[in-house]
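Below, read A as the first sequence line, B as the second, and so on, with proteins coming before strands; counting in each chain starts at 1. Keep in mind the model is a prediction, meaning the values are calculated, not measured. Hydrogens, waters and symmetry mates are skipped; everything else that's a heavy atom, side chains included, is used.
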Protein chains: 2
Amino acid sequence: MKSGIDQVTLEHRSTCPIARSLDLMGDKWTLLIMRDALFLKGRTFADFASGRERIPTNLLSGRLRKLVGMGLLEKVPYQQRPLRYEYRPTDLGKALKPVLRAMKSYGEQHLGGHTKY
Amino acid sequence: MKSGIDQVTLEHRSTCPIARSLDLMGDKWTLLIMRDALFLKGRTFADFASGRERIPTNLLSGRLRKLVGMGLLEKVPYQQRPLRYEYRPTDLGKALKPVLRAMKSYGEQHLGGHTKY
DNA sequence: CTGGATCCTGATGGATACTG
DNA sequence: CAGTATCCATCAGGATCCAG
């Protein structure tokens, strides 16, 4: 299909800023994609798909669509012939860094995760 | 049923501390419960259930079981006759505050959420 | 070959009713 | 009050298929 309507409408359960944030990124993949986009720089679909956690391609394409629709990533062509795109974090996306840093810190200190993003 | 096995086993997709954190709290309700536990003090089941986002009771009981099992909350009796319990954040649970603060800040600055937890 | 879309199936979510 | 049980809807995951 060409692609459905790209209205990325987020439910919002309450006016609480934490709840709003969770409505946007409260799942197991969204922040992992942003981690790669923010710390591993401009990434292509294949790059995201081959990350260590192996996100299924159908979930990846859906999440990317949502993130672009919400303005956290932008899809920009980086070469012609063949045309290729990469997903780059916008300023709105970069604003997520403190959240990711807090989670990284929590994981390192309390969950036994090694460093390296 | 009496209650299934209470083994709270977390999958872990990789050694990345962010991925580990997300394995633990990457869903729409876990951090909301911790928000209430941390900022609204010792809470009972009914208190959590009647929060503004109205978490269904079956999900609530499952999440509380998980959080107690992972050691972020502890279930302590606070009165006898009739016996009543409340869920109190442990030190491990309190360590989540920076994550919640980062999300609160993101929500306020970029998602139009009002303050008040 | 890359970047997805589709399909199928099992797991999870969510609303609400019900019980000790 | 503190959960369970139930029932349906939606999502996750994996495999595969298709277009440029």
Side-chain angles (χ1 to χ4, degrees), chain A residues 1-6 8-14 19 22-33 36-37 42-69 73 75-87, chain B residues 1-6 8-11 13-14 19 22-33 36-37 42-69 73 75-88:
Chain A
M1 178 180 290
K2 203 62 59 69
S3 102
I5 309 168
D6 273 306
V8 177
T9 321
L10 224 50
E11 64 158 334
H12 69 108
R13 294 170 290 178
S14 80
L22 257 7
D23 289 337
L24 170 62
M25 52 193 165
D27 71 82
K28 289 201 182 314
W29 295 110
T30 299
L31 285 176
L32 238 31
I33 292 170
D36 288 350
R43 317 305 317 280
T44 65
F45 188 94
D47 291 331
F48 288 118
S50 61
R52 274 174 312 151
E53 292 87 4
R54 322 250 74 210
I55 179 173
T57 61
N58 56 343
L59 298 188
L60 176 57
S61 76
R63 290 302 196 290
L64 288 174
R65 189 162 37 244
K66 183 189 76 178
L67 288 167
V68 169
L73 292 178
K75 184 176 182 175
V76 302
Y78 71 94
Q79 87 169 32
Q80 305 290 333
R81 202 169 300 99
L83 185 54
R84 293 269 184 271
Y85 294 93
E86 65 178 5
Y87 294 86
Chain B
M1 180 181 288
K2 200 64 56 69
S3 100
I5 308 166
D6 272 309
V8 176
T9 320
L10 224 51
E11 63 158 336
R13 294 171 289 179
S14 79
L22 257 6
D23 290 338
L24 170 62
M25 52 192 165
D27 72 82
K28 291 204 182 314
W29 294 110
T30 300
L31 286 175
L32 238 31
I33 292 169
D36 287 350
R43 318 306 316 279
T44 65
F45 188 95
D47 291 330
F48 287 117
S50 62
R52 276 172 311 150
E53 292 87 6
R54 324 250 71 216
I55 180 172
T57 59
N58 57 342
L59 297 189
L60 177 57
S61 76
R63 290 304 195 289
L64 288 174
R65 188 158 42 242
K66 183 189 74 179
L67 287 166
V68 169
L73 293 178
K75 185 176 182 174
V76 302
Y78 71 96
Q79 88 169 30
Q80 306 289 334
R81 203 170 301 97
L83 184 54
R84 293 268 184 272
Y85 294 93
E86 65 177 7
Y87 294 86
R88 273 211 300 249

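- Distance, A/Leu32 CG to D/dA12 C1': 15 Å, rounded to whole Å.
- Separating the CG atom of A/Leu67 from the P atom of C/dG4 is a distance of 13 Å, rounded to the nearest angstrom.
- Between the side chain of A/Asn58 and the base of C/dG4 there is no donor-acceptor pair of N/O atoms closer than 3.5 Å.
- No engagement by B/Asp27 is indicated, since no non-hydrogen atom pair under 4.0 Å with the nucleic acid exists.
- Protein atom CD1 of B/Ile33 is 14 Å distant from nucleotide atom C1' of C/dG14, rounded to whole Å.
- Scanning all heavy atoms of the two residues, the minimum distance from A/Trp29 to A/Leu59 falls at NE1-CD1, 3.7 Å.
- Between the CG atom of B/Leu59 and the C1' atom of D/dT6 there is a distance of 14 Å, rounded to whole Å.
- An OP1 or OP2 oxygen of D/dG13 is reached within less than 4.0 angstrom by a side-chain nitrogen or oxygen of A/Trp29.
- For A/Phe45 and C/dA5, the CZ to P distance is 8 Å, given to the nearest whole Å.
- Here the straight-line distance linking atom CD of A/Glu11 with atom CG of A/Asp23 works out to 4.5 Å at 0.5 Å rounding.
- At the heavy-atom level, B/Arg63 lies under 4.0 Å from the strands shown only through sugar-phosphate atoms.
- Listed nucleotides D/dG3, C/dT2, D/dC1 differ in distance to A/Arg84; the shortest reach to its side chain belongs to C/dT2.
- Nearest heavy atoms, A/Leu83 versus A/Pro77: CD1-CB, 3.9 Å.
- The shortest distance between the side-chain N/O atoms of B/Arg54 and the OP1/OP2 oxygens of C/dG14 is not below 4.0 Å.
- Here B/Arg84 pairs with B/Tyr78, B/Gln79, B/Pro82 under the side-chain contact (heavy atoms from CB on, under 4.5 Å) rule; sequence neighbours left out.
- Nucleic acid contact for B/Thr57: base, since at least one base atom lies under 4.0 Å from a heavy atom of the residue.
- Atom CD of B/Glu53 is separated from atom C1' of C/dG14 by 15 Å (rounded to the nearest Å).
- The nearest whole Å value for the distance from the CG atom in A/Leu60 to the P atom in C/dT6 is 16 Å.
- Side-chain proximity of A/Arg65 to the nucleotides C/dG14, D/dG3, C/dA5 is greatest for C/dA5.
- In this structure, the separation between CZ on B/Phe48 and CD1 on B/Ile33 is 7.0 Å, given to the nearest 0.5 Å.
- Under 4.0 angstrom from either OP1 or OP2 of D/dT10 there lies no side-chain N or O belonging to B/Lys28.
- Rounding to whole angstrom units, CD of residue A/Glu11 and P of C/dG14 are separated by 8 Å.
- For B/Arg43 and D/dA2, the shortest distance from a side-chain N or O to OP1 or OP2 is not below 4.0 Å.
- If A/Arg13 and A/Leu64 are placed on DNA chain C by their nearest nucleotide, the residue sitting closer to the 5' end is A/Leu64.
- One finds a side-chain N or O of A/Tyr87 lying less than 4.0 angstrom from the OP1 or OP2 phosphate oxygen of C/dG4.
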